[in-house]
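Within every chain, numbering begins at 1; the chains are lettered A, B, ... in the order of the sequence lines, protein sequences first and strands thereafter. All heavy atoms count here, side chains included; hydrogens, waters and symmetry mates do not.
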Amino acid sequence: DERERAFQDRIDAGEKIEPQDWMPEGYRKTLIRQIGQHAHSEIVGQLPEGNWITRAPTLERKAILLAKVQDEAGHGLYLYCAAETLGVSRDEMTEKLHDGKMKYSSIFNYPTLTWADIGAVGWLVDGAAIMNQVALQRTSYGPYSRAMVRICKEESFHQRQGYSIMMKMASGTPEQKRMAQDALDRLWYPSLMMFGPSDKDSVHSAQSMAWKIKVSTNDELRQKFVDQTVPQAEYLGLTVPDENLKWNEEKGGYDFSEPDWQEFHDVLAGNGPCNADRMAARRTAWEDGAWYRDGLVAHANKRAAQRMAAE
Amino acid sequence: DERERAFQDRIDAGEKIEPQDWMPEGYRKTLIRQIGQHAHSEIVGQLPEGNWITRAPTLERKAILLAKVQDEAGHGLYLYCAAETLGVSRDEMTEKLHDGKMKYSSIFNYPTLTWADIGAVGWLVDGAAIMNQVALQRTSYGPYSRAMVRICKEESFHQRQGYSIMMKMASGTPEQKRMAQDALDRLWYPSLMMFGPSDKDSVHSAQSMAWKIKVSTNDELRQKFVDQTVPQAEYLGLTVPDENLKWNEEKGGYDFSEPDWQEFHDVLAGNGPCNADRMAARRTAWEDGAWYRDGLVAHANKRAAQRMAAE
Amino acid sequence: MSALVEFALRMGDNTLVLGHRVSEWCGHAPVLEEDIALANTALDLIGQTQMWLGLAGDLEGKGRTADDLAYKRDVWDFRNLLLVERPNGDFGQTLMRQFLFDAWHHPMLTWLSENSKHERVADIARKAEREAAYHLERSTDLIIRLGDGTDESHRRMQDALAYHWTYTGEMFEADAVDRELADAGVAPDPAAMKPGWDALVGDVLAEATLEVPDNHFVHKGGRKGQHTEHLGHILAAMQFLPRAYPDARW
Amino acid sequence: MSALVEFALRMGDNTLVLGHRVSEWCGHAPVLEEDIALANTALDLIGQTQMWLGLAGDLEGKGRTADDLAYKRDVWDFRNLLLVERPNGDFGQTLMRQFLFDAWHHPMLTWLSENSKHERVADIARKAEREAAYHLERSTDLIIRLGDGTDESHRRMQDALAYHWTYTGEMFEADAVDRELADAGVAPDPAAMKPGWDALVGDVLAEATLEVPDNHFVHKGGRKGQHTEHLGHILAAMQFLPRAYPDARW
């Protein structure tokens, strides 16, 4: 197909694709899936952090966490807007999320069990997210790329705040140290899973790479994340829960253990520790809020009718 | 009326009236009102105590409080049964409660704000209740009188347990002492109100006394309660919040201040601190439980039908 | 305790407890924009709490920080209005509570920022006033739109108004603390705020097609430490970590 | 920590946390008889907690009482099954959780009372067994009546079953602690309890006209201290007073 070749040429030349441009249906669909999933993740991601807002241990930490959650909801908004440029509405995507037809990042199906988890989520989860998002600033779809630029700035701030919580905990009382180590133990492998299956098992990768919807492979990003994070853990005096972890001079990176991919697939299939609670929370919020959304629409219609009548 | 005179003679002779006996309609109605209100009080009375079950400070205290609440629900059951002998069903009374057509003791419209309130409720509220209930063991209606005998035994146990909490608090840390005094300060006058308005303002009293539905007047019981309670407060080292309180040698009892009857009427009118919460809790429990009650009825009907078919 | 400390506690406990309630919505709002707005409101309120409780601690002079005051007092030492500790209920109840509070809070902060003879009070009020103005603008707008929306949204807003109404009078009650501060020109006489509040609330409710309730009973006690049963549950969650780990720094 | 201490904690934390959940219903049950029954169940469970945690404290030998263990540990040191910390939900969910637990708890206590080589364990089990028998009888009866009641009660009970089902497998998981105790004849091999549970639960559900769910996933972690997010909220309430007033005696 002529148009497809021209399209691919533009991408290869590093041009950005914009909403009004022609694009292959597969490109559009893949983008919707990926951006929508990313947006849903920001929304569902409020829940594990929200779990500790009411219990944040100082007013300062509470304020920082509130600001972070606010940012995340804002990121959700940018991303839904980016997806909407592809011809799908936010409500449509929301309903697909609730029906289980769209996903969100599996990491948010893990619980936040102690305050250190809030630190670890910022350090590891946001750290892994940024790894991915920095790469995606160079993605081929213009609105998505620009959303990533905005998001990356804030996320790196979040990651530093998370690390600052870990610093306090790791240099605190024995219980705090224990909390910090425990958080790392529980969240290390789920963080590694955030990059998706190993390249050899990744279904969508090749085409997405060609289209520059993905810019780095899962394994590349995972390696980069490990290489960045291990020294940080050492600096904290914490132990990464991986007996096979060691520096590989030759490849200039760490060798490390694969996460338990069975667990990854279990969580994807709905059997993570919090899948049911997370989706129930979101569905309930949506259903209980229907009257609110309907009320606003009805009011807007009334006002529009009044304006019409007055004209 | 012949029958009314014979009825009054029996009462004057100290006989008990039983369900199958003839009785004036006013006697029946007054009893239903009084027993029903007493039953409702036991049910609603679970709520202020339930507020602290999940926060009881030791396992022993938690167990004692659970046992107490269980007893109170049990008392509710006895009393509903006693009322049912007068030809009104429990469901009917429950609906009247929810519609605001029947009352419960206003004391339960006050909140339990600290653990000492659980002590003070046992000491003062159960203390006042017993004062009334002991007298009512001699009431003229047989089922009511017998219910009172059973209830009195358990209530005096509850009162001792409440006093034991107050002892611990009053002899504890400065904060505990402060809690104990604060509880007495808040609950003293509401407890005095439990005996109802002053005899001169009491609407139903004369006929009820003649029928021995009431056995002592409000003011008699209130005086008895004050005389019993003041020395207990002194023993605890707590101060009764009444500047006018002093021993009156002549009458052989204490002089004391009247409660704020305006507050009494406000609470009766629905403006107590917890009226709305208490009734909302009870209504919600009832409405949310409809499916449960319906389910049990449906099952019983199915089984009955099966038995019929098998015969 | 000095009247000024008491005043700072009242202001700071209002924002702390309301901020807590608002933050309970995190991730559960009816629409994404509300998630953002609620987090932002809670954030503002917690920021104001830091200033007011910081002032209270400084003036008290016992070395207690804002965190000490937030995390180490029990219910009876809290001085917030009962209104702000009332449960979130449905989103309409949350919004109505916010509006009824904002309609008092913003004029209060405006008065303080323009008139208070106490420099730090005026200074805090100046910082908080702009945030409160935005809260009021937002809650006013939503009350109108939902009151005059569908039958259901109208009914829910009217119910929410009835639910909270008898808790608004406490904002205008004066005690010795208030009189002392009013005399000293530090804070307004609470009762003097009422006509403005009545007018503002009356106008908004009228535009929202909502009826002002007829119940004039006033629930009070919060400002002297007599709260509803709800506050204890709020504090049990809020204060868990500092109480469970008293030696930790976070 | 010795295997026996761990075992006593697991037993005691189950009853403590389930007792807490059940007690949350106080005054809110669908019918008065249930208020009584729930208070009674919670009371039994708290009584058993005192025995198990008392044993754990004694065996541990650090001078910790049952109250210390109940009130001064944080989530990660709790050893209860995830099942018992799951929210109450509607009354059907509460009942179903109780039934699924009772159907394990009673046979467990029976085994311990008849076979345990540890005298105090057997002794506690003997005292608890009768209570658990009554709980099981009651929950069995209600599951049948509500499962085979109205369409709505049937649907609710089926939903409740689905809601809890993947949390039942944890009862039959064995780790080093269980193996050590099974070898020593102190406690049964957890897996050995499963056929009996399957049979009992299968029979009851069949009579209740409820379908056994098809999901064989097993949620676990509670027995080694990895809980759901719910437990932290339970403890914040439960432990408030001893943590807020560490020097007090109650």
Side-chain angles (χ1 to χ4, degrees), chain B residues 44-57 108-118 120-121 169 173-190 241 260 262-281 283-284, chain C residues 1 13 17 72-83 85-90 92-93 96-97 156 159-170 173 213-240 243-244 246:
Chain B
V44 178
Q46 295 179 92
L47 297 171
E49 298 191 310
N51 185 40
W52 283 92
I53 287 179
T54 54
R55 290 178 291 170
F108 301 120
N109 290 317
Y110 290 87
T112 50
L113 298 180
T114 76
W115 175 249
D117 287 10
I118 297 302
V121 164
M169 301 295 283
T173 65
E175 290 97 340
Q176 286 178 297
K177 275 180 215 166
R178 188 182 151 203
M179 280 189 207
Q181 181 63 52
D182 175 64
L184 176 56
D185 289 347
R186 280 182 291 104
L187 288 167
W188 173 256
Y189 286 107
D260 175 355
Q262 181 55 47
E263 179 179 317
F264 178 77
H265 291 295
D266 282 339
V267 176
L268 265 189
N271 285 317
C274 302
N275 297 55
D277 282 356
R278 299 288 185 245
M279 286 317 297
R283 275 194 212 103
T284 304
Chain C
M1 200 185 311
D13 288 344
V17 174
K72 303 242 167 111
R73 285 177 300 151
D74 203 346
V75 284
W76 48 15
D77 290 327
F78 270 73
R79 293 293 180 258
N80 57 281
L81 298 164
L82 298 178
L83 176 67
E85 70 200 43
R86 310 242 315 139
N88 283 341
D90 71 4
Q93 277 166 271
M96 187 57 79
R97 184 185 60 201
R156 283 180 184 261
D159 288 350
L161 187 58
Y163 181 72
H164 291 304
W165 189 249
T166 51
Y167 291 85
T168 56
E170 191 183 11
E173 295 277 328
D214 198 24
N215 189 342
H216 298 287
F217 188 81
V218 175
H219 283 286
K220 56 196 173 195
R223 283 156 37 99
K224 57 175 181 159
Q226 287 186 15
H227 291 273
T228 68
E229 287 175 356
H230 304 294
L231 185 60
H233 297 277
I234 291 177
L235 298 188
M238 183 196 289
Q239 300 179 337
F240 178 78
R243 293 203 185 271

Check your understanding: Can you list the residues that meet the side chain to side chain donor-acceptor pair (under 3.5 Å) rule with C/Gln239, with sequence neighbours excluded?
Key -> C/Arg243
Exercise for review: With the side chain counted from C-beta on, respond yes when B/Pro111 and C/His227 share a heavy-atom pair under 4.5 Å apart, and no when they do not.
Suggested key: no
Exercise for review: Measure the spacing between CH2 of C/Trp76 and CG of B/Leu113 and express it to the nearest 0.5 Å.
Suggested key: 10.5 Å
Exercise for review: Look at C/His219, C/Lys220, C/His230 and state which one has the largest set of heavy-atom pairs under 4.5 Å with chain B.
Suggested key: C/His219
Revision key, fill the gap. In short, C/Tyr163 meets B/Asp277 closest at the heavy-atom pair OH-OD1, 4.4 Å
Review point. Non-hydrogen atoms of chain C under 4.5 Å away: do they reach the side chain of B/Asp182, the backbone, both or neither?
Key: side chain
Exercise for review: Look up atom CD in C/Gln226 and atom CG in B/Asp185, then write down how far apart they are to the nearest 0.5 Å.
Suggested key: 8.5 Å
Point to revise | chain C contact via B/Arg55 - which portion, at a heavy-atom distance below 4.5 Å | key: side chain
Check your understanding: Hey, are C/Asp74 and B/Arg178 close enough for a salt bridge, meaning a charged N less than 4.0 Å from a carboxylate O?
Key -> no
